[in-house]
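The block underneath contains the structure these notes are about, expressed in C-alpha cells.
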Amino acid sequence: LVVNAAGPFVFTADQMVKACLQTGTHYIDINGDIDVFEQIKSFDAAAKEAGIMLLPGAGFDVVPTDCLALFLKSLLPDANSLKLAFATLGGAISHGTAMSMLLKLGKGGAVRKEGKIVRLPLGKKSMTVDFGMKKIFVMSIPWGDVSTAYHTTAIPDIEAYTSIKPWIHRLLKLQYFFNPLLKTSVVRNYIAKKINSRPAGPTDAMREKAISLVWGTAKNANNQTVTARLRGPEGYTLTAIATLLIAKKVLDGNITPGYQTPAGKYGADLIMEIPGVTREVVAG
C-alpha cells in the first residue's frame, strides 16, 4: 500500500498510480481535486486487471462529505439532487492546499448536472446554511464530491459549497474580468512566494481547538427532501485519522480491486469510526 500525501496531486497522482499498477500496490491519497479524481477513475479497468484498489480522497477531502452523501441517499433512495457544504471553525489551510488553490486561479467552478460535470464561474451560487452551531454563508466551489459523490450515489445533480466571507464572495464574482491576469506567471509566482513564506499549516494548538462542520441535503422529483449534518475534528486532524483508518482496512485485506470512493467501499458509517464525529438528521 502507498499513501500519497504529496500535493498538488495534479503533479503526483498520475505517476504514483502508474507505479502502483506496475508493482501491484494499492493506492490511496488525500486529494480533493475533481480533475484528479476523474483521472484516477480512468485507471479503473487497469486496476481491476492488476488486482489493486485505487481509493483517492481518503482525508477530509472527501470522507465526511462522501459518507454524508451516501447516508442521505439511504434516507431518500430516489434522490435526484444533492447539495453538500462544509465549514471549519478556528482552522487554517496548509501549504499544499494553498498551492492547489493557486493552480485553480482563473479556472472557475464546477457542478454535476444530469450526470455530467459542468463548468461554472467560481461562487456562482451562494446560500446561508444552518450547520447547527451557527448559520454560515457558503458559496459553490469545485469540491471533489462533484466527481466522487456521483460515483458513490449515482445522484445526477450535485453541488458543493464552502464557507466564505460575503465580501470575499462579492469580489470573487468579479474574477471573470481578471482571469487572464490571474493565469499569468508573474501573478502566480508572486502568490506562490507569499504562500511559501507562510507556515506549512495550522499549529497543533489551532487544530486541537478547531472543528469541522458538514451539511447536506438531498431532494427527489416530488420535492421531498432530507437534510443531515456532521460535526467532527478539524480538517487536517480528521484527514490523518481517516487516512490511517482506511490504510488499516486495506492492509487487513478489506479491498475491492478497481477505482473506489471512501463511502462507496466502506459505507456511510465509515465517518462514524472517527473519534469525536457526531451525525444528526435535521429534516425529512
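We number each residue from 1, following the sequence as shown. Note that the structure is predicted; figures quoted are calculated from it, not measured.
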Donor-acceptor contact below 3.5 Å, side chain K219 vs main chain N223
no
Have E159 and S140 got a donor and an acceptor in their side chains that come within less than 3.5 Å?
no
Using atom types as modelled and distance alone, determine if a side-chain donor or acceptor of H26 lies under 3.5 Å from a backbone N or O of M53.
yes
Side-chain atoms of residues 269-277: list all donor-acceptor pairs with protein atoms under 3.5 Å, sequence neighbours left out, distances to 0.1 Å.
| unit_1 | atom_1 | unit_2 | atom_2 | d |
| --- | --- | --- | --- | --- |
| D269 | OD1 | R279 | NH1 | 3.0 |
| D269 | OD1 | R279 | NH2 | 2.8 |
| E273 | OE1 | K249 | NZ | 3.2 |
| E273 | OE2 | K249 | NZ | 3.3 |

Side chain of T25, backbone of L1: donor and acceptor closer than 3.5 Å?
no
Does a side chain donor of either T237 or E234 reach within less than 3.5 Å of an acceptor in the other side chain?
yes
dist N80:CG -> N220:CG (nearest 0.5 Å) comes out at 6.5 Å
For the CZ atom of F131 and the CG atom of L230, what is their distance to the nearest 0.5 Å?
11.0 Å
I'd like to check the ring-ring contact (aromatic ring centres under 6.0 Å, His included) partners of W143; sequence neighbours left out, ordered by chain and number.
F86
Using atom types as modelled and distance alone, determine if a side-chain donor or acceptor of R231 lies under 3.5 Å from a backbone N or O of M133.
no
Verify salt bridge (Lys or Arg N to Asp or Glu O under 4.0 Å) between K73 and D66, making sure each step is shown before the conclusion.
CA-CA 11 Å; K73 174 73 172 182; D66 197 46; over 6 Å; no
Just jot down the ring-ring contact (aromatic ring centres under 6.0 Å, His included) partners of Y259, sequence neighbours excluded, or say none.
H151
